[in-house]
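Encoded as structure tokens, the structure appears first; notes follow it.
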Amino acid sequence: MLSKVDGVSEQPMIVAHGLVKRFGDFTAVDGIDVEVSRGEAFGFLGPNGAGKSSTMRMIGCVSPVTDGTLRVLGHDPAVDGARIRARLGVVPQEDTLDFELSVMENLIVYGRYFGMSHKQATERGRELLEFVQLEERATSQVEPLSGGMKRRLTIARSLINDPDMLLLDEPTTGLDPQARHVVWDRLFRLKQRGVTLVLTTHYMDEAEQLCDRLVVMDRGRIAAEGSPVALIRDWSTREVVELRFAADDTETSGEKIEALVEQPERPLRALVSRVEVLPDRVLLYSDDGDATVGELHRAGVEPQSVLVRRSSLEDVFLRLTGRSLVE
Amino acid sequence: MSTPTVQPSPMRLTPPLLQRLVGTGGARHLVERNARVYRREWLVLVSGFLEPVFYLFSIGVGVSKLVGDVALPGGEVVTYTAFVAPAMLAASAMNGAVIDATFGLFFKLKYNKLYDAVLATPVTPVDVAIGEITWALMRGSLYSISFIVVMLVIGLISSWWAVFALPVVVLTGFAFAAIGTACTTYMRSWQDFSYITLVQLPIFLFSATFYPLSVYPESLQWVVRCSPLYHSATLLRELTTGTVGPGSLVHVAVLVALGVVGMVVTGRRLEKLLLT
Ligand SMILES: Nc1ncnc2c1ncn2[C@@H]1O[C@H](COP(=O)(O)OP(=O)(O)OP(=O)(O)O)[C@@H](O)[C@H]1O
Ligand SMILES: [Mg+2]
């Protein structure tokens, strides 16, 4: 029912050039270029205030573009907003369910907004409740649903018009791990059916799991773009050594390590390409974590705990912006 | 794809021209949505109808005895109850429309966040304006139609012109609903609603509802003529008592104009508030 892989024209789903959004004097989106093609799962990864939602709202044709150009599904939102919206599914950052209607009515009435017949909307609504595993709550009011259920209902609602593209603004923020996995699973199935997904997140695991390609956004700009693997390859080392010290010791230890790495005669210099001193830990970027740990030990560094792990998008973000993703 | 040119002009997210005036047809879905909600709250509907009926009986039984008959501008003499009833009819259309257009709209705008969801669909702000105004005027008209039936049953309708009372109560509902929604888009908090009561009560009392316009001194008559309810009440009185004249069309024009202006303002304001 949800298949989207039929060979419709190969024009990009989204094209943005120098896209700007200003609120008064404040620039929330500062000239970004984005292109998303059909069937792709595309992500905006960024911290609070990066401009993710502002961008999503412009793409969703509910926020006028301040400057630059934007084409969504080949159309200009300023001219064909209603026509574009007819083919989009939107999951906004905050749930906007209708609290005066029941679960099923939420879907039916929403389908009606898209001009579907009552019968069509009811049938489709039933399928979707099953898809998000809420069929038992069909006649329930919306208010008593759990956060995860509301989110799933919002996702079901966004699919009522069988959209060409789904816009998901932080689909799993605020959900417990189990609820997140349910949502991820549903999104993954949609992706397999060929629905174009555009999502924002500040969870790197979410971005890595779901996105074919993503942009790292910070302060209204795009800092880097690529697949999760390519971003990690380009902007980080293979491994990361995480050292933790006693609470007030982190900074001095960090400085000591930085000095060690600077010394030309030590093997550390060749092993470690970068050191990040964070408030609670010190990160050493290296392609060989174990060798690095051995050298640190030899140099007399004695942390409370040592962890060698693979690089993640978190590290990419830290490298690009000098800030952690989740503050 | 060719490089699109930069367009610095202020942009619209709703289609141009005609659709900015008459919407895309999405309004009816919003009316349907509201009807679904009210199916469960029929008691609210009943109480809204009863209020003007109570007024009518209180006046018809009590005040009418003391006042006796009233002369209309054309010289015809009618009972006081027959004089007041069409004004109560106008007031019922006003009250019914204003409630939903103000409190109802504000709740949906600020608390239910209904339109954030609605505007992500093909429905436009103009559709929302038309839909909510239509809903409010339907509610106002529902009260009024029941009221007309009551008037008919107790013999307060003395002219065939009264069949036009039906479209006129709808028009009254339209004018007040549109003014109401337009004002509501400027409300910041529930406190601001005191202004509505503050305006609505004197309108109810002083719009030639309980006594003829001629009672007022000339200068005040012009103030009364600014009241939308004056035009509605007078027009309905002309219809139910069969004293229609060319002046009746002026009342119609005023109500139509108020409704259209209110509707356009509502659409613009909703766009400005919601599509940021
Ligand atoms: N309607 C508005 N009026 C004024 N400023 C706004 C408005 N909407 C967003 N902003 C500002 O624009 C900036 C970007 O906001 P935006 O919501 O796009 O960020 P975000 O990346 O989605 O953040 P978050 O992860 O917190 O959702 C913020 O500084 C925010 O305060
Ligand atoms: Mg956001």
Side-chain angles (χ1 to χ4, degrees), chain A residues 11-12 15-18 20-21 23 35 54 57-58 60-71 74 76-92 94-102 105-106 108-116 118 154 157-158 160-161 167, chain B residues 1-17 19-20 23-41 44 104 107-128 131 270-276:
Chain A
Q11 63 174 3
V15 185
H17 287 296
V20 173
K21 181 71 197 184
F23 297 103
E35 198 166 318
S54 305
R57 283 173 47 80
M58 286 191 279
C61 308
V62 291
S63 169
V65 170
T66 310
D67 209 345
T69 50
L70 177 64
R71 293 291 175 277
D76 182 352
V79 181
D80 289 316
R83 229 163 86 195
I84 299 168
R85 291 195 300 270
R87 293 167 56 200
L88 295 181
V90 179
V91 176
E94 309 275 332
D95 286 324
T96 54
L97 295 166
D98 195 330
F99 287 97
E100 295 185 281
L101 299 174
S102 73
E105 280 180 323
N106 258 277
I108 297 172
V109 168
Y110 211 70
R112 299 283 290 144
Y113 295 149
F114 283 93
M116 296 169 74
H118 194 272
T154 303
R157 193 186 66 176
S158 74
I160 195 87
N161 60 328
L167 305 177
Chain B
M1 189 175 161
S2 62
T3 319
T5 48
V6 174
Q7 298 174 336
S9 61
M11 291 199 165
R12 307 169 309 253
L13 294 169
T14 46
L17 305 168
Q19 296 199 341
R20 294 188 57 76
T24 62
R28 63 182 190 280
H29 307 312
L30 221 58
V31 172
E32 185 187 313
R33 180 256 168 213
N34 291 338
R36 267 180 191 275
V37 173
Y38 269 88
R39 255 197 331 217
R40 288 194 283 267
E41 301 181 30
V44 181
F107 176 77
K108 290 178 219 164
L109 204 53
K110 298 273 156 129
Y111 294 92
N112 199 355
K113 304 263 180 210
L114 176 66
Y115 308 119
D116 290 340
V118 169
L119 293 178
T121 75
V123 177
T124 64
V126 176
D127 292 327
V128 172
L270 286 177
E271 179 162 351
K272 191 154 171 279
L273 286 177
L274 295 165
L275 303 183
T276 53

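Just so it is clear: chains get the letters A, B, ... in the order the sequence lines come, proteins before strands, and each one is counted from 1.
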Could you check whether any side-chain N or O of S63(A) sits under 3.5 Å from a backbone N or O of T276(B), counting only pairs where one atom can act as donor and the other as acceptor?
yes
Given D98(A), V90(A), V20(A), V109(A), the one with more heavy-atom pairs under 4.5 angstrom with chain B than any other is D98(A)
Counting heavy-atom pairs under 4.5 Å with chain A, the top scorer among D116(B), N112(B), L30(B) is N112(B)
Heavy-atom donor-acceptor pair, Y110(A) side chain to A117(B) backbone, under 3.5 Å:
yes
Tell me, for I108(A) versus chain B, whether the close heavy atoms (under 4.5 Å) come from the side chain, the backbone, both or neither.
side chain
Working to the nearest 0.5 Å, report the span between OG1 of T121(B) and CE of M116(A).
12.5 Å
Check whether any side-chain heavy atom of T124(B) lies under 4.5 Å from a side-chain heavy atom of R85(A), and answer yes or no.
yes
Is chain B contacted by the side chain of R83(A), its backbone, both, or neither, given a heavy-atom distance below 4.5 Å?
neither
Heavy-atom closest contact (L114(B) atom, Y113(A) atom, distance)
CD1-OH, 4.2 Å
Interface check, chain A: of K108(B), K113(B), R36(B), R28(B), most non-hydrogen pairs under 4.5 Å belong to R36(B)
Working to the nearest 0.5 angstrom, can you tell me the gap between L275(B) CG and C61(A) SG?
10.0 Å
In the structure I gave you, are the side-chain heavy atoms of R112(A) and R33(B) within less than 4.5 Å of one another anywhere?
no
